[in-house]
Amino acid sequence: MSSVVVVGAQWGDEGKGKITNALCSDADLVVRFQGGANAGHTVSLDGVPIVFHLLPSGISVPGIQNVIGPGVVIDPIALAVEIAGVTERGVEVGENLLIDVGAHMVLPYHKALDAAEERARGQSAIGTTHRGIGPAYADRCARDGIPIGALAAFDEFRPRFEEAVARKNKHITRLYGEQPLDAREMLEQLYPVAQTLARHLADTPEMIREAIRAGLNVLFEGAQGTLLDVTFGTYPFVTSSSTTAGGVAIGTGVPPSMIGEVIGIAKAYTTRVGAGPFPTEVTDDTARMIQERGAERGATTGRARRCGWLDIVALRYSIAVNGIKRIIVTKLDVLDSFETIKVCVAYDIDGRQTDCFPRTADELGRVNPVYVEMPGWMSVTKEARHESELPPRALAYLNEICRLADVDLCSVSVGAKGEAIVEFTSVF
Ligand code: IMP
Ligand code: MG
């Protein structure tokens, strides 16, 4: 089947943007199915990095049809800013971008509520990106949301928005004691945005299904990662969408039977942004080295990412939840200068050893990782383009990961540049 899902197998930031972008030479459609402007996908454009938040990572590649599916929550103001930003970098955004009319909007009050809720949580804060994601998905479920298609008829949108702001202001002022938002000011900002986005609005599910039927190559680009999935992640330290492969069906209208393969993206180590348990986290010099060499800073919020060793227990869980048969390992080059590399192969929970990923964040917070150590390769990998150009110990590391996780290797990314990839098997 010609449809492939690219999902993050960890806590996000696995390099899905770079991989999606690199796969565009073989793809016809790139479709985002969940998340919103909380995502930060860094792609190299003419050698200079560019970060996409809402735009699919195929937007900078000519000839690709990019779709923002109905499962995404769209901050229209942020999207308009992003379109202007990439246009400035010479990327044409026209018919190559379709925005599904059914995708719900993240409106300014969602962002205000996200921030207010986080402040109210105090010590228990999730560490959200403050992009309004949780409140927007909550409104969608509560049947209080506004789909982006509503922007096409602005005169009808206006009173609907004013009514919503009036109600949300009660929450903002009475519940959180914060300043009310001004509907008129926001409408002035939204009006030109609606004009910009209107030409991209479309009914996309049947178009995507038809593309698959016609044998075109469709790439579904996940945002965040499996362990941030609202159902299967480390709840409540998760995002509010279905980040796993199942999210494709509910986020695009493409049935599970039309989904070909699910490819998992995993870094050669692990990172996490925000709060929540992270068994293999390290806080010593190793963490600093990974953070510096891997430029591990949030692409959306600029926060330093927490860093640690590769966690096979978590990876196996992701593989099971998503039905992953092949993985793409990214940022292998970040480990180039480690004498010894650790891999977590099991958890010790209250004196009992297990290779099952716990279903509660509380239990996950109590595990002690059981490590095996492997010798590092201590040489530069970023120029490698073929298996034979990888140091034998780097290959041994990759082979061991695949053996432990019981998956095949699709390819390995060895640097930020688009071409810094060693392909073992092709995606399409
Ligand atoms: P939210 O998605 O902004 O609600 O944030 C919820 C949690 O998901 C926080 O821990 C965030 O740091 C994390 N998160 C959200 N988006 C991303 C992402 O794109 N990469 C990594 N972590 C993310
Ligand atoms: Mg990211």
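All ligand and atom numbering here is 1-based and tracks the order in the structure. This is a predicted model, so every value here is computed, not measured.
T129 OG1, 2.6 Å is the protein heavy atom nearest to atom 3 (O) of ligand 1.
Inclusion of G40 in the first shell of the Mg ion (ligand 2) is supported: an N, O or S atom falls under 2.8 Å.
Nearest N, O or S atom of D13 to the Mg ion (ligand 2): atom OD1.
Interface atoms of ligand 1 facing L228, defined by a heavy-atom separation under 4.0 Å, are 8 (O), 13 (C), 14 (N), 22 (N), 23 (C). Applying the 4.0 Å criterion to heavy atoms of W11 picks out, from ligand 1, the atoms 21 (C), 22 (N). Of all atoms in ligand 1, listed by their number and element, those nearer than 4.0 Å to a heavy atom of G274 are 10 (O), 12 (O). Close approach of ligand 1 to D13 is summarised as follows: ligand atoms under 4.0 Å from at least one heavy atom of the residue are 20 (N), 21 (C).
Looking at ligand 1, you'll find an N or O of T239 within less than 3.5 Å of one of its N or O atoms. Polar contact with ligand 1: present for R303 (N/O pair, distance under 3.5 Å). Of the N or O atoms in R131, none lie within a sub-3.5 Å distance of an N or O in ligand 1.
Contact between A223 and ligand 1 is absent, with no heavy atom of the residue lying under 4.0 Å from the ligand. Using a 4.0 angstrom heavy-atom cutoff, V238 counts as in contact with ligand 1. At least one heavy atom of G127 sits closer than 4.0 Å to an atom of ligand 1. Using 4.0 Å as the threshold, Q224 has a heavy atom nearer than that to some atom of ligand 1. Residue contact check for ligand 1: R272 places no non-hydrogen atom closer than 4.0 Å to it.
Of the possible donor and acceptor atoms, none in the side chain of D46 sits under 3.5 Å from a partner among the backbone N and O of V48. Put simply, the side chain of D311 gets close to the backbone of V313: a donor and an acceptor are under 3.5 Å apart. The backbone N or O of D406 sits nowhere less than 3.5 Å from a side-chain atom of R403 that would complete a donor-acceptor pair. At distances below 3.5 Å, not a single donor-acceptor pair connects side-chain atoms of S57 with backbone N or O atoms of T20.
One side chain, T381 or D336, offers a donor N or O that lies under 3.5 Å from an acceptor on the other. Side-chain contact of T300 with R131: a donor-acceptor pair under 3.5 Å is absent, judged by distance alone.
Comment: E118 engages R121 in a salt bridge, judged by a side-chain N to carboxylate O separation of less than 4.0 angstrom. A salt bridge links E163 with R167: the closest approach of a Lys/Arg side-chain nitrogen to an acidic carboxylate oxygen falls below 4.0 angstrom. One finds a salt bridge joining R288 and D285 here, because a Lys/Arg side-chain nitrogen approaches an Asp/Glu carboxylate oxygen to under 4.0 Å.
Using cut-offs of 30° and 60° for the angle between ring planes, the F338 and W309 rings count as perpendicular.
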